[in-house]
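Comments concern the structure below.
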2 protein chains.
Amino acid sequence: MQDSTANPIPQHSASDPGRVRLIDAAATEFSERGYAGASISAIAERAGVGKSTVFHHFHSKDALYLAVIQEAASEFAQKMENVLNLDQDLVTCLRAFQSQHLEHLHHNSRVARLILRELQEGDRERLVTLVRDVLAVNFSRLVNYLNDAREAGMVRPEVDCAAAALSMMSANVMYFQNRAMLEHLPGFELADDPNAYAMAVTDLIINGLAPKEQSS
Amino acid sequence: MQDSTANPIPQHSASDPGRVRLIDAAATEFSERGYAGASISAIAERAGVGKSTVFHHFHSKDALYLAVIQEAASEFAQKMENVLNLDQDLVTCLRAFQSQHLEHLHHNSRVARLILRELQEGDRERLVTLVRDVLAVNFSRLVNYLNDAREAGMVRPEVDCAAAALSMMSANVMYFQNRAMLEHLPGFELADDPNAYAMAVTDLIINGLAPKEQSS
DNA sequence: GTCTATAATTCGATAGAC
DNA sequence: GTCTATCGAATTATAGAC
C-alpha cells in the first residue's frame, strides 16, 4: 500500500499491531499521570511488552508522546476532509464539523485531556512542537476552509477566519472540559445534549445574534 | 461531614484591611498550590498574621477559598452592570463586555487560573458550590441581558442565549489560557492584541459568518 | 497496626478602639 | 465596659512511615 504522503510526519500507518498497542497504553499512562509522571516501563508493562520494545518503535519518550497525539489528530484530520468541502453549503459543512469535533473530543477524551493538560502546565519546548507540528495542521484546515468560503462569497469579507475557527473550537472545548459543571448554570439547557449544543453554536457562528434586517 | 450552618457569608465588604490582606495572600497561595496544597499557616504567614486570625475572619478554609473567588467575581459583576444596559445598542454593549471580560481575566489571572484549575481537577462538592453560588450569577447576568435584548428585537428569536453567552466567554477563556501557544498557530494574527481579538469575536457573534443579504 | 507529622479547627486570653 | 482583632496553645483528623 502506497502512502500518499506529502505529510511531514512519517505515518508508519496503523498496520503495526505492536505500535498500536503501545500508543494505546501510552495514551492511558500519559493522560493519567502527565508527561513527567508516566514512565516508559509502566507503558511497556501495560502494553505487555518489554521496555526495549518501546524504543524499537519510538526513539524517545518524546516521540512516543507526540505519536499518541498525532494519532488522534490524524484521525480527526480525516474526518475534517470528509466534512469540509466547498461544494456543500456553509451551514451543512460547519454543522457537521462542529458536531464531529465535539464527538471526537468525547471519543478521544484521554488524548483530549492530555492535550489540555499539556497546554496548561506542560513544558514550553514540547508545547511548541505539539502546537506547530500537530495541532496547527487541523486548525489551519478549518481556517483555510473558511477563507476559501469567504473568497467564494459565502462568508462576509470582514470576518477574521482564524478568530472564527478558534471560537468554534473554544466553544466545544469548554463544553467538553466542563460539562459536569454546566448543569449547574441556571438557564443552560443543553448540558446533556452535545449535539443540540453544537447545533446552537453553529447557528450562532453562522448567523450571529443580530437579525438579518431586510425590512427597509 | 459538618454542615456549615445557614450559609453565613458575612459581607464585611472590603472595608476590613485584615480581611483584604488575607484574601490577597490566599489568592496567591491557592493559585500557586491548589486548594489542598495551600495551608492555612502559609496563608496566615504570607498575610503577616497568626493562624487563628484567619478563622476569625472566615469560618473555614472553604469559606476563605470561596471568598477569594467571590471577590474577583463581584468586581466583575460591577463592571458588567456598567456595560450591559439596554439603552445602548447591542454592538456597543457586547464589545465593551467582551473587552472587559478579557481584561478582567488578565488583571485577575491568579484567581482566573485558580478557577480553571478547580474546574479541571477540583473536588465535586466545592466545584458545585463555586459554580452555583459564584459563577452562575455573572453568567446569568449576561444571559439575561441577551434574553432581554431578544425580547426587544435586537437579537434573532431563534438564538439560544445561554449558548451564545457561553461561546463568548469560552473564546476569551481560550485566549487567556493559551495565549502563549496561539502565537504558533499559523494564520492567527491576533495573539498579541487582546483587544483586537475581543473585537473580532464580538463582530462574529453579533453578525455571524454569513453575509446579511436576504436570499428571499 | 501504632506512631508521627502535618494540617484544620477551636479555645481562652490579651490589648486596643469606641 | 463592651466589642473585636489578634494571638498562642490545645484539640482533632488524617496521611504516611515504620
Side-chain angles (χ1 to χ4, degrees), chain A residues 28-46 51 61 110 113-114 116-117 120-122 178 180-181 184, chain B residues 1-75 77-78 108-137:
Chain A
T28 304
E29 287 292 322
F30 280 132
S31 67
E32 282 178 2
R33 306 186 204 281
Y35 181 84
S39 76
I40 296 284
S41 21
I43 292 170
E45 193 175 351
R46 181 181 288 271
K51 195 154 82 160
K61 184 179 181 181
R110 277 180 322 178
R113 271 180 236 289
L114 178 57
L116 291 170
R117 185 170 178 168
Q120 279 208 318
E121 54 199 55
N178 302 310
M181 79 112 182
H184 303 286
Chain B
M1 222 187 289
Q2 185 143 320
D3 217 296
S4 41
T5 26
N7 185 19
I9 296 180
Q11 300 286 32
H12 298 201
S13 197
S15 51
D16 192 335
R19 190 186 151 90
V20 172
R21 276 190 69 76
L22 274 170
I23 286 189
D24 188 61
T28 304
E29 286 292 323
F30 280 134
S31 67
E32 282 180 1
R33 306 184 204 282
Y35 181 85
S39 79
I40 296 286
S41 15
I43 292 169
E45 194 175 351
R46 182 181 287 270
V49 301
K51 194 158 61 159
S52 38
T53 303
V54 178
F55 289 98
H56 176 71
H57 290 278
F58 309 92
H59 7 56
S60 66
K61 184 181 183 179
D62 223 88
L64 173 55
Y65 176 78
L66 274 192
V68 167
I69 295 170
Q70 182 71 57
E71 179 74 12
S74 305
E75 205 181 302
Q78 192 56 54
N108 298 275
S109 52
R110 276 180 321 179
V111 179
R113 270 179 239 288
L114 177 57
I115 294 174
L116 291 170
R117 185 171 178 165
E118 181 77 14
L119 287 173
Q120 281 208 318
E121 55 199 53
D123 166 77
R124 277 272 172 283
E125 296 264 0
R126 226 166 44 233
L127 183 52
V128 172
T129 312
L130 170 64
V131 173
R132 288 217 322 232
D133 293 356
V134 184
L135 304 185
V137 178

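Quantities reported herein were computed from a predicted structural model and do not represent experimental measurements. Numbers restart at 1 for each chain; the letters A, B, ... are given by sequence-line order, proteins then strands.
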Do any N or O atoms of the protein come closer than 3.5 Å to N or O atoms of nucleotides 6-10 of chain D, and which pairs are they?
from, atom 1, to, atom 2, distance (Å)
dT6(D), OP2, H57(B), NE2, 2.4
dC7(D), OP2, G50(B), N, 2.3
dC7(D), OP2, T53(B), OG1, 2.6
dG8(D), N7, S52(B), OG, 3.2
dG8(D), O6, S52(B), OG, 2.5

**Prompt:** Do F58(B) and I23(B) come close enough that some side-chain heavy atom pair is under 4.5 Å?
**Reply:** yes
Between atom [atom1] in [X] and atom [atom2] in [N], what is the gap in whole Å?
X	N	atom1	atom2	result
R21(B)	dA5(D)	CZ	P	16 Å
I40(B)	dT9(C)	CD1	C1'	9 Å
L64(B)	dA7(C)	CG	C1'	15 Å
R33(B)	dA8(C)	CZ	P	12 Å
E29(B)	dA8(C)	CD	P	11 Å
D62(B)	dA8(C)	CG	C1'	12 Å
F58(B)	dA5(D)	CZ	P	11 Å
F55(B)	dT10(C)	CZ	P	7 Å

**Fill in**
The side chain to side chain donor-acceptor pair (under 3.5 Å) partners of N178(A) (sequence neighbours excluded) come to none
**Prompt:** Taking only residues at least two apart or on different chains, which pairs with a member in residues 112-134 of chain B satisfy ring-ring contact (aromatic ring centres under 6.0 Å, His included)?
**Reply:** none
**Asked** Taking only residues two or more places apart in sequence, or in another chain, which ones meet R110(A) in a salt bridge (charged side-chain N to carboxylate O under 4.0 Å, His left out)?
**Response** D24(A)
**Request:** Check salt bridge (charged side-chain N to carboxylate O under 4.0 Å, His left out) between R21(B) and all other residues, then give those that pass, not counting sequence neighbours.
**Result:** none
With a cut-off of 3.5 Å and sequence neighbours excluded, list every side-chain donor-acceptor pair involving residues 115-122 of chain B.
from, atom 1, to, atom 2, distance (Å)
R117(B), NH1, S31(B), O, 3.4
E118(B), OE1, Y65(B), OH, 2.6
E118(B), OE1, R126(B), NH2, 3.3
E118(B), OE2, R126(B), NE, 3.2
E118(B), OE2, R126(B), NH2, 3.2
Q120(B), NE2, Q177(A), OE1, 2.3

**Request:** Assign A38(B) to base, sugar-phosphate, or nothing according to its heavy-atom contacts below 4.0 angstrom with the strands shown.
**Result:** sugar-phosphate
